[in-house]
Amino acid sequence: MDFATADLIDDFGDELRSCETQFRQYGARTRFAGQVVTVRCDRDNGLVKKLLNSPGEGRVLVVDGGGSLASALMGDMIGAAAVANGWSGVVINGAVRDVVELAGLDLGAKALGSNPRKSAKDGAGEVDVPVAFGGVEFRPGDWLYSDEDGIVVADRDLLGA
Ligand SMILES: O=C([O-])CC(=O)C(=O)O
């Protein structure tokens with residue numbers, strides 16, 4: 001995929017929201033984009049696991065874990081499922097684990113940090129609700145573009161895919 005978030009900002013300006021959160025890159029795919037699917041959850045990754053085990057169709061899962069670093073919301077198994085199911089990337093306002101294995105996956109994977117502790121799997125949380133962090137609201141159906149510089153979001157597909 002050929003884009004740079006800085007160029008998108010230059011070309012589209014205020015049409016884009018730019019996330020201020022300083023995420024770390026955990027996946028091998030450092031540039032990724034796609035339509036947004038959202039999850040909000042708190043130290044429970046049952047919904048994340050379920051979604052990433054269903055068809056991704058090139059979309060990006062935005063997970064608002066409330067910024068908690070208390071437990072991981074994705075590890076290598078869920079990450080591998082995301083690759084197998086065609087997800088473009090996962091943005092987690094929270095933690096991951098299995099970072100060595102995640103680094104080998106052809107998946108965009110941004111998170112705040114890591115914690116080896118796993119999350120509950122009860123499936124508590126909400127899917128397809130607007131979530132907000134880093135000064136940006138991520139709405140289901142938005143288009144997200146992510147690279148080494150950051151993450152920008154638009155209401156429409158700016159690359160005309
Ligand atoms: O199952 C989990 O909670 C996270 C994990 O370790 C994996 O995805 O492999």
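Counting starts at 1 for both ligands and their atoms, following the listed order.
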Asp44 side chain vs Asp122 backbone, donor-acceptor pair below 3.5 Å: yes
Sequence-distant partners of Phe138, ring-ring contact (aromatic ring centres under 6.0 Å, His included), two or more places apart: Phe133
Partner set under side chain to side chain contact (heavy atoms under 4.5 Å, CB included) for Gln22, not counting sequence neighbours: none
Considering all heavy atoms, the nearest Leu102-Gly75 contact: CD2-O, 3.6 Å
Set of side chain to side chain contact (heavy atoms under 4.5 Å, CB included) partners for Leu47, sequence neighbours left out: Val39, Val127
Shell of residues surrounding ligand 1, defined by a 4.0 angstrom heavy-atom cut-off that is strict: Asn45, Gly75, Asp76, Met77, Ile78, Arg97, Asp98, Lys121
CG-SG distance between Asp64 and Cys41, expressed to the nearest 0.5 angstrom: 8.0 Å
